[in-house]
Number of protein chains: 2
Amino acid sequence: MADLKQIEIARLAGVSQATVSRVLKGDPQVNDEMRERVLAVVQELGYVPDARAQSLRSQRTRLLGLVVHRAPDALAGDPFFSALIASIIEQAGRHDYHLCVDTARTARSQRAIYEELLRTRRVDGLILVESETHDKRIERLSCEGFPFVLIGRYDPADAVCSVDNDNVGAAFMATDYLLRTGRRRIAYIGGPAGLTVTRDRLQGYKNALESHGVGYDPRLLAFAEFTERSAASAMAELLSLTPPPDAVVGLDDLIALSAMREAKRHGCRVPDDIAFIGFNDSPLCRYVEPSLTSIAVEIPVLARKAAEMLIALIEGREPQPKRQIVPARLVKRESA
Amino acid sequence: MADLKQIEIARLAGVSQATVSRVLKGDPQVNDEMRERVLAVVQELGYVPDARAQSLRSQRTRLLGLVVHRAPDALAGDPFFSALIASIIEQAGRHDYHLCVDTARTARSQRAIYEELLRTRRVDGLILVESETHDKRIERLSCEGFPFVLIGRYDPADAVCSVDNDNVGAAFMATDYLLRTGRRRIAYIGGPAGLTVTRDRLQGYKNALESHGVGYDPRLLAFAEFTERSAASAMAELLSLTPPPDAVVGLDDLIALSAMREAKRHGCRVPDDIAFIGFNDSPLCRYVEPSLTSIAVEIPVLARKAAEMLIALIEGREPQPKRQIVPARLVKRESA
DNA sequence: TTGTAAGCGTTATCAC
DNA sequence: GTGATAACGCTTACAA
């Protein structure tokens with residue numbers, strides 16, 4: 001069973017080993033009668049070619065690589081990555097590719113992992129997430145001509161293949177929705193001020209206010225760390241304004257959620273007194289009370305497109321366009 | 001850069017290609033002077049051996065396989081798998097192994113995936129989760145002598161290598177706690193009835209009832225798929241009983257949460273009218289209202305042990321003991 | 001101690 | 001059309 005190779009099939013079918021290979025590859029040049037004979041033996045013995053030998057010979061492993069920069073416990077709680085992984089696997093599977101996932105916590109181990117995956121040719125291509133603005137890895141991969149696709153933003157945008165969600169558009173969508181439902185004093189709680197996502201979404205927020213002719217009040221802006229407490233205290237401060245905000249756009253679901261809790265603790269009714277919108281449409285949203293309206297960034301779409309692009313690159317097709325933007329989607333629930 | 005092989009290193013270092021291989025393998029037989037020469041060239045050119053060639057030659061891919069039986073969207077929201085994946089990767093990495101994750105939704109595709117991973121020798125071993133009581137895959141793998149470790153239970157227990165959390169004990173712990181806090185009509189919502197985890201936890205539930213001398217009422221049992229709707233409708237049915245349950249043990253946090261929401265929608269107060277306990281202590285638990293009491297199964301420990309055992313098997317060491325049990329832990333919150 | 005050479009199981013290029 | 005045969009890049013007897 002274990003040592004079943006083409007040569008064995010060939011012997012039993014009374015043909016040469018090369019013919020077995022041809023039949024398996026679907027070569028149209030082979031005689032029907034021989035094809036039948038070979039396929040019969042293959043079927044009977046359940047022969048499947050050895051991926052290792054194929055990899056060496058074809059210089060292709062049919063393995064996509066994904067490296068995640070999170071400690072295991074951080075990864076564990078993050079719905080983004082599990083969604084990403086699951087969707088990449090699915091899309092890869094359609095093209096008969098598999099996914100190899102690695103984690104790299106420290107900067108050193110990151111370099112090592114990339115080095116390893118790239119140089120050992122263990123994977124045919126890489127999907128990169130959470131890249132920084134000037135990312136050595138990216139320059140490196142570009143130089144080497146190694147196939148890779150970025151999830152996120154990069155400048156110059158057309159230098160690399162990338163997919164991203166439309167952060168400006170997503171925040172516009174959230175704010176616009178609140179304005180349409182009659183809210184006028186809309187606060188924005190961002191994450192750390194340096195993050196591009198914080199800034200992009202702030203931009204979308206401003207755009208929406210402007211498009212409705214609603215004045216922009218800088219006092220309604222707050223920035224929080226990614227902790228419950230930080231978001232809560234930002235919210236407390238916003239509530240001390242007169243008049244207080246009647247809606248809040250939070251950078252992500254956890255921030256929105258923590259803010260919402262704080263508001264409730266101050267006796268606000270949600271959504272009557274104040275509405276809340278988060279981002280990511282994480283599983284959490286459905287389970288809290290009131291359930292949290294959220295802007296879904298379509299991670300499965302993102303992942304599918306990334307995998308699709310990467311496979312195209314690997315197989316020598318130049319993806320067009322090189323940059324794809326996935327629109328966001330409003331998931332309406334009780335909080336707004 | 002791309003076509004850098006040992007023979008090239010050998011040429012530049014003025015040695016034979018075999019010597020390069022020996023140096024890289026850390027063979028103590030080689031002359032120090034030669035080793036220096038070779039390593040210098042290796043360093044300078046940043047040579048790394050081709051994993052594909054190594055795989056073919058050594059008959060080892062250094063890849064562990066994990067197959068997950070969930071649709072991508074079900075996987076996406078499930079903290080269990082992300083925790084599992086993350087911890088396996090980490091442990092594997094310590095031994096210079098990588099992880100290949102696949103999903104298989106349908107029974108047919110499951111077979112196909114196993115077939116593929118096993119027969120193509122794409123991975124050196126498999127970690128199996130969510131096995132069923134009489135699992136063809138397991139018999140198959142055993143027959144073939146393919147290295148694999150089960151996360152979960154299997155009979156006879158010493159036929160295969162496995163790690164498991166103490167599901168019977170965990171459910172006992174949950175049910176016992178509810179009984180001690182005065183609950184008497186305790187319902188159990190399992191997952192699909194064939195799953196061993198469903199049955200083991202049912203057993204623990206029954207054991208606890210018995211140990212408290214509380215009668216077992218089969219009407220208080222329900223089985224749900226791993227979807228919100230399914231758990232909710234199971235809960236709705238339980239609520240229609242007279243009298244309704246005063247506590248629910250859910251197979252996992254998501255099931256417990258979905259059930260809890262359904263109960264609240266029916267006007268039940270939690271925990272006053274009805275208490276809820278889930279399993280896994282997922283991040284979600286803290287954010288819902290009321291926060292969910294949960295039995296923590298130590299997934300990282302489970303994953304680490306599984307990976308450790310699998311690697312031992314692959315490398316020809318017989319793990320002792322063949323079965324490892326990881327105890328559970330009660331995390332008390334508001335819902336019970 | 002180092003070099004030579006025979007595979008590992010495929011695929012692909014030749015002749016026939 | 002089909003069958004030898006040479007790679008693919010590495011490991012490892014075996015020879016020197």
Side-chain angles (χ1 to χ4, degrees), chain A residues 1-39 41-42 45-63 96 116 118-124 315, chain B residues 1-39 41-42 45-63 96 116 118-124 315:
Chain A
M1 261 316 199
D3 52 352
L4 194 55
K5 8 184 175 184
Q6 289 188 351
I7 190 117
E8 193 72 4
I9 304 296
R11 208 176 47 77
L12 292 168
V15 299
S16 80
Q17 182 258 342
T19 299
V20 177
S21 177
R22 289 201 190 91
V23 169
L24 263 43
K25 269 218 62 182
D27 190 324
Q29 299 270 47
V30 288
N31 185 330
D32 282 355
E33 192 232 336
M34 289 212 144
R35 163 174 286 111
E36 292 306 323
R37 277 216 315 269
V38 170
L39 285 178
V41 179
V42 165
L45 300 192
Y47 166 82
V48 178
D50 185 317
R52 299 165 301 193
Q54 286 183 315
S55 294
L56 177 58
R57 180 60 228 216
S58 65
Q59 307 288 76
R60 290 277 152 83
T61 56
R62 304 202 77 84
L63 219 48
D96 199 24
E116 147 105 16
L118 163 62
R119 306 305 289 278
T120 61
R121 308 265 147 176
R122 181 178 285 286
V123 298
D124 292 341
E315 298 182 347
Chain B
M1 260 320 198
D3 52 351
L4 193 56
K5 9 186 172 182
Q6 289 188 349
I7 190 119
E8 193 72 6
I9 305 295
R11 206 174 48 77
L12 291 169
V15 300
S16 81
Q17 183 256 342
T19 300
V20 176
S21 177
R22 289 199 190 94
V23 169
L24 262 43
K25 267 216 62 183
D27 189 324
Q29 300 269 46
V30 289
N31 184 330
D32 282 354
E33 192 232 339
M34 289 213 142
R35 162 173 288 112
E36 293 305 322
R37 276 215 317 266
V38 170
L39 286 179
V41 179
V42 165
L45 301 192
Y47 167 81
V48 177
D50 185 316
R52 299 165 301 191
Q54 286 182 315
S55 295
L56 177 57
R57 177 61 228 222
S58 64
Q59 305 289 77
R60 289 275 152 84
T61 56
R62 303 201 78 82
L63 220 47
D96 199 26
E116 147 106 14
L118 163 61
R119 307 304 289 279
T120 62
R121 307 266 148 176
R122 182 179 284 287
V123 299
D124 292 341
E315 298 181 347

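Bear in mind the structure is a predicted one, so any value in this text is a computation, not a measurement. In what follows, every chain begins at residue 1, and chains take the letters A, B, ... in the order their sequences are listed.
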Supply the atom-to-atom distance B/Q59 CD to B/Q54 CD, rounded to the nearest 0.5 angstrom.
13.0 Å
For D/dT11, does OP1 or OP2 lie under 4.0 Å from any side-chain N or O of B/Q6?
yes
Mind calculating the distance between CZ (B/R60) and C1' (D/dC10) to the nearest angstrom?
16 Å
Backbone N/O of B/S55 and side chain of B/T61: donor-acceptor pair under 3.5 Å:
no
side-chain N/O A/S21 vs C/dT11 OP1/OP2, d < 4.0 Å:
yes
d(CD, A/Q29; C1', C/dA12) in whole Å:
13 Å
Rounded to whole Å, please give me the gap between CD in B/E33 and C1' in C/dT2.
12 Å
Under the criterion salt bridge (Lys or Arg N to Asp or Glu O under 4.0 Å), I'd like the reasoning laid out for A/R52 against A/D50: C-alpha separation, chi angles, the key distance, then a yes or no.
CA-CA 5 Å; A/R52 299 165 301 193; A/D50 185 317; 2.7 Å; yes
Figure out the CG/P separation between A/D27 and C/dC14, and round it to whole Å.
16 Å
On DNA chain C, compare the nucleotides closest to B/D32 and B/S58; which residue's is nearer the 5' end?
B/D32
Between D/dA7 and A/Q59, is there an OP1 or OP2 to side-chain N/O distance shorter than 4.0 Å?
no
Check this one for me: any side-chain N or O of B/K25 less than 4.0 Å away from OP1 or OP2 of D/dT12?
yes
In whole Å, what is the span from the CD atom of B/E8 to the P atom of D/dC10?
11 Å
Less than 4.5 Å apart, side chain to side chain, heavy atoms only: is that true for B/V23 and B/R37?
no
A/R62 side chain to A/D96 main-chain N or O, any donor-acceptor pair under 3.5 Å?
yes
Integer-rounded Å distance: D/dC8 P and A/R122 CZ:
21 Å
Kindly say if B/Y47 contacts the phosphate of D/dG9, meaning a side-chain N or O under 4.0 Å from OP1 or OP2.
no
What is the minimum heavy-atom distance between A/M34 and A/T19, and which atoms define it?
SD-CG2, 4.3 Å
For the residue pair A/L4 and B/R119, what are the closest heavy atoms and their distance?
CD2-NH2, 4.1 Å
Would you jot down, in residue-number order, the residues of residues 12-19 of chain A having a non-hydrogen atom under 4.0 Å from DNA chain C?
A/Q17, A/A18
Which of residues 49-57 of chain A have a heavy atom under 4.0 Å from DNA chain D?
A/L56, A/R57
Identify which nucleotide among C/dA12, C/dT13, D/dT12 has an atom closest to any side-chain atom of A/R22, counting heavy atoms from C-beta outward.
C/dT13
Applying salt bridge (Lys or Arg N to Asp or Glu O under 4.0 Å) to B/E8 and B/K5, what does each step give before you reach the verdict?
CA-CA 5 Å; B/E8 193 72 6; B/K5 9 186 172 182; over 6 Å; no
Under 4.5 Å between any side-chain heavy atoms of A/L63 and B/R122, yes or no?
yes
Contact check, side chains of A/L45 and A/L12, non-hydrogen atoms, under 4.5 Å:
yes
Between atom CG in B/L4 and atom C1' in D/dC8, what is the gap in whole Å?
15 Å
Between C1' of C/dG9 and NZ of A/K5, the distance in whole Å:
7 Å
